Amino acid sequence: MTLLGYNIDCTYPVIPATQKKVINTINPHSYCVAKKDDKFQKALKEADILIPDGTGIVWAARMLKGKTISRITGADMHAYLLKKAQEHQLKVFYMGSSDETLFKIKERIQKEYPAISCGTYSPPYKAVFSEEDNQAMRDAINSFRPDILFVGMTAPKQEKWVHQNREELQANVICSIGAVFDFYAGTVERPGPFWQKLGLEWLPRLLREPKRLWHRNFISTPKFLFEVAFQKLVSD
């Protein structure tokens, strides 16, 4: 479904994948950021699967298209891919975050999904990677040759990095999931099902991290709602 210039896909990929698939997520904040970042916008638009990770996208589909779609979060996609990896004894790789977080992820994988082979790599904390950094990251991934690659470096950095390096990455499924690394490792607690069902998962996160999240909730969300309302007005 085309929505606000993006092809939104509410399906999960077939696993094992026979062709390379890049999976990205879109929400009101990333939509607003992409309007000012051409490389990020291109990365989102050229993803093979772009899932609606945000109640605002679900609402926009209903307002502009008259369609009811299901929200699929990065955590939902992560859980689905791990389940399939377990069923088919696949290899997964986590690229991003700290060594401590990656250690906790690997420990949990070994406990919950013993049939999965898991590799990890923590890239340097930099705003911009050097070519040496990029090569080291690609080498770490390609030497492991994962079936599924999870990238967690926050948006839009992670999506742009995958888009830039896609052709050189030896992985069948590449999924950028940001905060899911911390949720799965347990270093950050994800808001529970009560908040998720209400579509208010953002509220506990905002209260916990106001400095980091205030812009997306008080600037990006109103901008997105205004744009959807405007598009609805001119289309009627």
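This one's a predicted model, so the numbers in the text were calculated from it and none came from an experiment.
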Pair Glu100 + Lys104: basic N to acidic O under 4.0 Å: yes

Rounded distance [0.5 Å steps], CG in Leu149 versus CG in Asn142: 9.0 Å

Shortest non-hydrogen contact from Ser97 toward Phe181: CB-CD2, 3.8 Å

Short side-chain to backbone donor-acceptor contact, Asp133 and Pro123, under 3.5 Å: no

Point-to-point distance, once rounded to the nearest 0.5 Å, from CD1 of Ile23 to OH of Tyr80: 8.5 Å

Derivation and outcome, side-chain contact (heavy atoms from CB on, under 4.5 Å), residues Ile116 and Gln89: CA-CA 5 Å; Ile116 292 178; Gln89 300 182 20; over 6 Å; no

Transitive ILVMFWY side-chain link Met153 to Val180, under 4.5 Å: no

Worked verdict on His163 versus Lys42 for side-chain contact (heavy atoms from CB on, under 4.5 Å): CA-CA 8 Å; His163 188 262; Lys42 187 175 177 67; 3.8 Å; yes

Cation-pi, Phe129 ring and Lys157 (6.0 angstrom, 45 degrees): yes

Aromatic ring pairing His78/Tyr94, orientation class (parallel under 30°, perpendicular over 60°, tilted between): perpendicular

Within-4.5 Å side-chain heavy-atom neighbours: Val228 and Leu64: yes

Straight-line distance of Asn24 CG to Cys175 SG, nearest 0.5 Å: 8.0 Å

For Ser176 against Thr25, the heavy-atom pair lying closest together: O-CG2, 4.2 Å

Transitive ILVMFWY side-chain link Ile57 to Met1, under 4.5 Å: yes

Beyond-backbone contact of Ser117 with Phe144, side-chain heavy atoms, under 4.5 angstrom: yes

4.5 Å side-chain heavy-atom contact, Pro13 and Met77: yes

hydrophobic_cluster_shared for Val173 and Ile49, side chain cutoff 4.5 Å: yes

Salt-bridge criterion met for Asp48 and Arg166 (N-O under 4.0 Å): yes

Closest approach of Tyr121 to Ala136 (non-hydrogen atoms, all atoms of both residues): OH-CB, 3.6 Å

Flag, side chain of Ser143 to backbone of Asp139, donor-acceptor distance under 3.5 Å: yes

side-chain contact (heavy atoms from CB on, under 4.5 Å) between Glu159 and Leu44, intermediate numbers included: CA-CA 7 Å; Glu159 289 85 359; Leu44 294 181; 4.3 Å; yes

Donor-acceptor contact present, side-chain Asn165 to main-chain Trp161, <3.5 Å: yes

Ser98 versus Ser122, closest heavy-atom pair with distance: CA-OG, 3.7 Å

Spacing of CE belonging to Met63 relative to OG belonging to Ser235, to within rounding of 0.5 Å: 9.0 Å

Common cluster, Val151/Tyr12, ILVMFWY with side-chain heavy-atom separation under 4.5 Å: no

side-chain hydrogen bond (donor to acceptor under 3.5 Å, both in side chains) partners for Gln41, two or more places apart: Lys45

Minimum side-chain heavy-atom gap Val92-Tyr113 below 4.5 Å: no

Side-chain touch Ile109/Tyr184, heavy atoms, less than 4.5 angstrom: yes

Distance-only donor-acceptor check, side chains Thr2 and Asn7, under 3.5 Å: yes

Donor-acceptor pair, side chain of Arg108 and main chain of Ala185, under 3.5 angstrom: no

Qualifying residues under side-chain hydrogen bond (donor to acceptor under 3.5 Å, both in side chains), relative to Asp147, sequence neighbours excluded: none

Side chain proximity check, Pro114 to Gln86, heavy atoms < 4.5 angstrom: yes

Ile51-Ile69 co-clustered via ILVMFWY side chain contacts under 4.5 Å: no

side-chain hydrogen bond (donor to acceptor under 3.5 Å, both in side chains) against Thr11, all qualifying residues, sequence neighbours excluded: Asp9

Neighbour count above 12 (heavy atom, 6.0 Å) for Tyr125 OH: yes

Salt-bridge criterion met for Glu131 and Arg138 (N-O under 4.0 Å): yes

Candidate list Leu50, Asp53, Leu4, test side-chain contact (heavy atoms from CB on, under 4.5 Å), partner Ile26, passing option: Leu50

Minimum-distance pair of heavy atoms, taken over all atoms of Ser30 and Phe40: O-CE2, 3.4 Å

Interatomic spacing from CD1 in Ile8 to NZ in Lys67 - rounded to 0.5 Å: 11.5 Å

Approximate separation, where rounding is to 0.5 Å, of Phe183 CZ and Thr73 OG1: 9.0 Å

Salt-bridge criterion met for Lys20 and Glu167 (N-O under 4.0 Å): no

Residue pair Leu81 / Ile15, side-chain heavy-atom distance below 4.5 Å: yes

Non-hydrogen side-chain atoms of Thr120 and Met95 separated by less than 4.5 Å: no

Minimum heavy-atom distance Leu90-Pro16, with the two atoms named: CD2-CG, 4.4 Å

NZ (Lys91) with more than 12 external heavy atoms under 6.0 Å: yes

Verdict with supporting geometry, Phe150 and Leu82, side-chain contact (heavy atoms from CB on, under 4.5 Å): CA-CA 10 Å; Phe150 295 114; Leu82 286 184; 4.1 Å; yes

